[in-house]
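Here is the structure we will look at, set down as structure tokens.
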Number of protein chains: 2
Amino acid sequence: MVTIKDVALRAGVTKQTVSNVINQRPVVKPATRERVQQAIAELGYTPNLIARGLATGQSMMIGLVVPTLANPFYTELIERLERCLEVDGYGIALCTTDGDPDRATQQLVTLKRRYIDGLILFDDGNVSRHLDLVRQLELPFVLCGSEPEIPAGTPVVTFDHARAGYLAGEHLRELGHREIAVVGEFPAHRMRLYGAERALAEGSIAIRPTRIVSTPEKSQRGGVRAATQLLADHPEVTAIIATHDLLALGVLQAAGATGRRVPDDLSVIGIDNIAAAASAEPPLTTVAFPIDQLAQESVDHLLGLLRLTRPEPAAVSLTPRLVVRESTAPPH
Amino acid sequence: MVTIKDVALRAGVTKQTVSNVINQRPVVKPATRERVQQAIAELGYTPNLIARGLATGQSMMIGLVVPTLANPFYTELIERLERCLEVDGYGIALCTTDGDPDRATQQLVTLKRRYIDGLILFDDGNVSRHLDLVRQLELPFVLCGSEPEIPAGTPVVTFDHARAGYLAGEHLRELGHREIAVVGEFPAHRMRLYGAERALAEGSIAIRPTRIVSTPEKSQRGGVRAATQLLADHPEVTAIIATHDLLALGVLQAAGATGRRVPDDLSVIGIDNIAAAASAEPPLTTVAFPIDQLAQESVDHLLGLLRLTRPEPAAVSLTPRLVVRESTAPPH
DNA sequence: CTGAAAGCGCTTACAG
DNA sequence: CTGAAAGCGCTTACAG
């Protein structure tokens, strides 16, 4: 491994001068800079980030704590975050919690020991617990996309989940549906449900409690199971809201398996607008979040915190929009 | 941040002694150890991994270079790798290349600068190019799950892709299909195709070149498009092999959209056995790889390389098995 | 079994 | 504009 010393030797200067040209400090005389850069190129020198990290206290790594990689919504978000982060030279240390709070605790502590510069936390159902730890660890962080009520002053970039639910409910109401059911992950998605209920209430429609089914599985299969049961118990239902697209894809499948045509016999609407929604059969009507913006604002926010002496926490809430495709239609 | 010095001060020893108890060196007198551990607990001390990394030359981070997070096969693998790695205290630095070789080059160089201890490389279509760089960087690595022919002596843990293709072809042959088409990602999956062709040849069946369609899109949508076109051009086809499950899911969808029932009108078989395959409609017949074993052997292999002075590269090839579900049946 | 010294590869004031 | 010194928080021989 070639070090700063080797470069200095070759360029006939001391390592401090090399350090100065690497860090583009404008104190170096052009001629010297030239010589140093030459030496760097010849030797193929590239600064050791670990050493720099120890000296500056910055590792240039951001910890990403996500519930699972099984939901495309998260993976789409992660890929975007990676691109936003790399612009400023940050790398990603990835941790998937799988919803296990003890594992998450362990992961957070390890991240701290790795001198992670900051943390992007997703909502895995245990945020409030993680928040305590993260604060105790004094790790700069931003909550990304989380739904639950968060204490004021917590830095969070998220969507207006209630609004998303509202848009879904409103769409069905305007189509004329009255027999509506909900398949969802609760309590995680309670705000989405709340929004939907509010939109329906404006048309004097109430969702009967027995038609709100919670699935323990976060997967498409969870949607299949829940919807199959739901349609058996309540065959009169004309529309189903799934609190996220992966579940909606399962609902679509359950509809097909029980002989219902979508949207003729049953309307289905999701939330998230994952890539697979557009290519579903039929293409899924859903509520889209501005995910690029979520990624960008999350890293802007976090990097802002890192630079500020006295962090100024703020809450950002991004607005969703309805994406009408072919899985919804008026009831017969 | 509390440091080793603080602990030493409190325990009334020098920091070297603290270091000795942390690293469980059996040279410390029990009484001293006790005192030090007490101090560690009281102060909540936890060693700074960056500093340790600089001193030992080990960052305890493994770089993971993957093509995309959009294919569940990769994300399932990543989650498993994470679990295998954390047992030995290693964290993951994640890079997605998106198939862009220049970006990948940049990522590899940065990984090197971060003093990554080792690298797990997935096949993103540019392995041979990456291999040159990785060797030049002197980064210990293992190729994970890759398909292409790799120079002898390269450490690789993978599946027998040709065998997977063979099993798919054999299954269709045994069911009595003769009009067979293939939807795949080529050249990436050429070995899978080769295996399928070999199995079919044993029944004197040849796949006509025009019935082999390559999709540029790695997604489910790519499968939909390719299969739709294929079925329009070759309506006589009774079975389709998709070179991976995500594509197969798309084929299933295209079949439905063009009014074909699976498996009555068309048999569909995939490869990979991603979680979604089991819950597809109908459940997808596929060829399963032992993914847990792939993850475990990959990290065993890499960690082995890290520990050995003179690395002993080896090639491991894991055997796939056929998983018959409901998307395949004899032709009419 | 414990302590004094040197070093990992960088950066950051501080003199000159 | 450049160099000598100290330090980031650890570990690793090496004396005692």
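Chain A is the first sequence line, chain B the second, and so forth, proteins listed ahead of strands; every chain is numbered from 1.
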Shortest non-hydrogen separation from A295(A) to R80(A) and the atoms involved: CB-CB, 3.7 Å
Worked verdict on H161(A) versus F289(A) for ring pair (Phe, Tyr, Trp, His ring centres under 6.0 Å): CA-CA 9 Å; H161(A) 293 273; F289(A) 291 118; 5.6 Å; yes
Sub-4.5 Å side-chain heavy-atom contact between V157(B) and L294(B): yes
Exercise: do D300(B) and Q296(B) side chains pair donor with acceptor under 3.5 Å: yes
Y45(B): ring-ring contact (aromatic ring centres under 6.0 Å, His included) partners, not counting sequence neighbours: none
First and last nucleotide of DNA chain C, 5' to 3', lying under 4.0 Å from heavy atoms of chain A: dG9(C) to dT12(C)
Toward the 5' end of DNA chain D, by each residue's nearest nucleotide, R33(A) or N23(B): R33(A)
Non-hydrogen atoms of Y90(B) and M61(B) that approach each other most closely: CD2-N, 4.1 Å
Who pairs with dA4(D) - Watson-Crick or G-U, where each distance is under 3.5 Å: none
Nearest-nucleotide 5' precedence on DNA chain D, I50(B) against N20(B): I50(B)
Sugar-phosphate, base or nothing in reach of T14(B), heavy atoms under 4.0 Å: base
DNA chain C: 5'-proximal contact among T17(B) and A55(B) (nearest heavy atom): T17(B)
